[in-house]
Amino acid sequence: MDQTIVAIRSRHVLLHFGSEHRDSSDKKHRDKDKERLKLKDGSSDKQKDKHKEKKKEERVGRGLCYFYIATVLSELNPLITNALVLALCTAVLVACVGMLVYILPSLCFFIPFRWEEERYTDGVKWKFLEHKGPVFAPPYEPLPSNVKFYYDGKHMKLSPGAEEVATFFAKMLDHEYTTKDVFRKNFFKDWRKEMTSEEKSKLADLNKCDFSEMSEYFKAQSEARKAMTKEEKLKIKEENERILQEYGFCVMDNHKERIANFRIEPPGLFRGRGDHPKMGMLKRRIRPEDIIINCSKDSKHPKPPPGTKWKEVRHDNKVTWLVSWTENIQGSIKYIMLNPSSRIKGEKDWQKYEMARRLKKCVDRIRAQYREDWKSKEMRIRQRAVALYFIDKLALRAGNEKEEGETADTVGCCSLRVEHLTLHQEMDGQEYVVEFDFLGKDSIRYYNKVPVEKRVFKNLQLFMEDKEPEDDLFDRLNTSILNKHLQELMDGLTAKVFRTYNASITLQQQLNELTTSEDNVPAKILSYNRANRAVAILCNHQRAPPKTFEKSMQNLQTKIDAKKEQLADAKRELKSAKADAKVRRDEKSKKAVESKKKAVQRIEEQLMKLEVQATDREENKQIALGTSKLNYLDPRISVAWCKKLGVPIEKIYNKTQREKFAWAIDMAEKDYEF
DNA sequence: TAAGCGACTTAGCAGAAAACAC
DNA sequence: GTGTTTTCTGCTAAGTCGCTTA
């Protein structure tokens, strides 16, 4: 990598070159680094040139159509220049336009993907956008008078505002959340803001509030909904369908597209994940006055509900969202965007996997580089190299810095602290083992014991030297520095691309290893799920075991036992039929033997299917396959595998997934390689 | 150059819907 | 047809990363 370029951009290297703007902590770091690394000066020009060459190669493949053609060409000759690619693209484009204008209009129907029809430059995402705006949460319906709230054992009639917030709490009463101190404290504080001054003076202690009648009322309502007649249920379904048809679609550049989340989030109590400091806070109701509408000038603008107005109507075609508002808990912006099946999302998805495929081509070089950097004389480079090694080997997330006290205490690679690692010179017969134990995204625990290379181990010892448990492991690194470095190694490369790349390549390798064409379809699907599972484990995609897990496993075992008995019976019958046929030697008994044989075969197949199902389910107990399937695995690998092994695609992707991956289903042939 | 913002992707969970068993 | 189990879908929180601003 080009150390000099990165060095100039880094404040730490400015220090090395004698900048006057030194703060004391930097000086401390520098002195320490010098001491530890026995710093010597100098950077390699050769390396710089070499990197420029390599960068040139990787720059091949920018843009969309350009991107695709360049990818193909770069496979033929890795040294091909941008200019040549551009020239070729232009030629192809001119030819295509000619063909389209004069010959092919009638064949437009056969264009495989409509998102290949038109592409914009300069960040333009669309030319025309029309929609009906969002669907607001239904207004609050006050409780019937017989449903009472009690304070300190006495009935108390609440004002509508206070009552609404109280119902949010009552609805969650059975949830563990409402027992947590932080939740209760936050809730009570926000609830008091909605109370009248009289209520405020009376309701001083949440522990004296009795929401149980409210809670019972909502439970009864839920039961009543379940017990509705078919006709009533159908009526609701039809109404939902009507709303979907009216608000659930938009027109973007000549195409009707499905909107992902056209309903505004209803008010309620914020439920953060893990130990979130803001859990229990009131998520306020969103009104039309909070809403920004985005659509094209020449479209029919959505109308706000009667008597209200939008916060703003804008026409920004460099973004993909239709509606936005600012939520009150974190002050972040929420959006209404298009469904994953839309052109705009599908195209982005495709680009993501193409980027990961580009990484595949240069990952060996990048790995060699970071291994080399483990020996660097600069601490920041060593830290960067070790962090990158973790991101690559363990598929860790980048780990942006977070504002303390605003969210749950979770970390990723760059934000790991000393307390999250334990180093073992020797463990379970292996040398240089690193034990990771930290909370990652969504407060999901990452626990792993990994043997690492000696040099990594020694570096980690160095990084942890003289530090407190709560100190940053990589004190000279953050995601911005890391991604700038990655950008130097490959155009467009960021930390998250490694997760996509490693997930997809793992799936492909596992499928090749685990499946053969001789297997039957259930066995092939079991293997597919196992390959998928390997990826989910790599990416640490966990789930809470389903509440009914034990019971459902028991049921399955009962079925297996019954099937085994049935098989034993069938085998006995076959044996006696054979004996019978030996004595009689007539056609009838021969036929009987054949039919018993078939019965045994059929039951054996059924038994195998059940056993496979049990294995699959057991192995899947705490692992979520969906996340990797939807976000990390190049769908063309799965499509190609299905085509090659004769597995119906419906067995791998359900309807929604097939819609999302329509581009891949159409694009990938059986010989596709990631 | 750090901090903050904006736009977007990635994530697990809960409830609805579909499939299955009886 | 009804109750139970499994799968799917919607919801929205929580990340990543690029850009702007002070």
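Proteins get letters first, then strands, A, B, ... in listed order; numbering begins at 1 in each. These values consider heavy atoms only, across backbone and side chains, with no hydrogens, waters or symmetry-generated copies.
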Under 4.0 Å between a side-chain N/O of [X] and OP1 or OP2 of [N], yes or no?
| X | N | result |
| --- | --- | --- |
| K283(A) | dA13(C) | yes |
| K345(A) | dT9(B) | yes |
| H541(A) | dT10(B) | no |
| T494(A) | dG18(C) | no |
| K334(A) | dT12(C) | no |
| K348(A) | dA7(B) | no |
| T627(A) | dG12(B) | yes |
| R499(A) | dT9(B) | no |
| Y632(A) | dT9(B) | no |

Starting at [atom1] of [X] and ending at [atom2] of [N], how long is that distance when rounded to a whole Å?
| X | N | atom1 | atom2 | answer |
| --- | --- | --- | --- | --- |
| R273(A) | dC13(B) | CZ | C1' | 7 Å |
| W325(A) | dG6(B) | CH2 | P | 15 Å |
| E239(A) | dA16(B) | CD | P | 17 Å |
| F270(A) | dT12(C) | CZ | C1' | 9 Å |
| R543(A) | dT7(C) | CZ | C1' | 11 Å |

Exam field: side chain [X] to backbone [Y], donor-acceptor pair closer than 3.5 Å:
| X | Y | answer |
| --- | --- | --- |
| E257(A) | M252(A) | no |
| Y177(A) | G272(A) | yes |
| H315(A) | C295(A) | yes |

### Task
Between Q542(A) and M337(A), just flag the one whose closest nucleotide in DNA chain B comes earlier from the 5' side.
M337(A)
### Query
For DNA chain B, whose closest nucleotide is more 5', that of N478(A) or that of C539(A)?
N478(A)
### Query
What about K352(A): does its side chain form a donor-acceptor pair under 3.5 Å with the base of dT9(B)?
no
From the list [options], which nucleotide is the closest neighbour of the side chain of [X]?
| X | options | value |
| --- | --- | --- |
| N631(A) | dT10(B), dC17(C), dC8(B) | dT10(B) |
| N483(A) | dA7(B), dC17(C), dA11(B) | dC17(C) |
| A398(A) | dC8(B), dC17(C), dG15(C) | dC17(C) |

Taking any heavy-atom pair under 4.0 Å as a contact, classify [X]: base, sugar-phosphate, or nothing.
| X | answer |
| --- | --- |
| E401(A) | nothing |
| G626(A) | nothing |
| A495(A) | sugar-phosphate |
| K125(A) | sugar-phosphate |
| S480(A) | nothing |
| A544(A) | sugar-phosphate |
| T407(A) | nothing |
| P340(A) | nothing |
| I444(A) | sugar-phosphate |
| K441(A) | base |
| R397(A) | sugar-phosphate |
| R658(A) | nothing |
| D442(A) | sugar-phosphate |

### Message
So, taking the atom named CH2 in W325(A) and the one named NZ in K311(A), what distance separates them when rounded to the nearest 0.5 Å?
### Response
12.5 Å
### Summary
side-chain contact (heavy atoms from CB on, under 4.5 Å) with Q657(A): of I665(A), I652(A), L630(A), I649(A), only one passes, and it is L630(A)
### Query
Q657(A) or Q330(A): which one's nearest nucleotide on DNA chain C is closer to the 5' end?
Q657(A)
### Task
Taking the six-membered ring for Trp and the single ring otherwise, decide whether the centroids of F262(A) and H131(A) are under 6.0 Å apart.
no
### Message
Show the nearest heavy-atom pair for residues F183(A) and M172(A), with the distance to one decimal.
### Response
CZ-CE, 3.6 Å
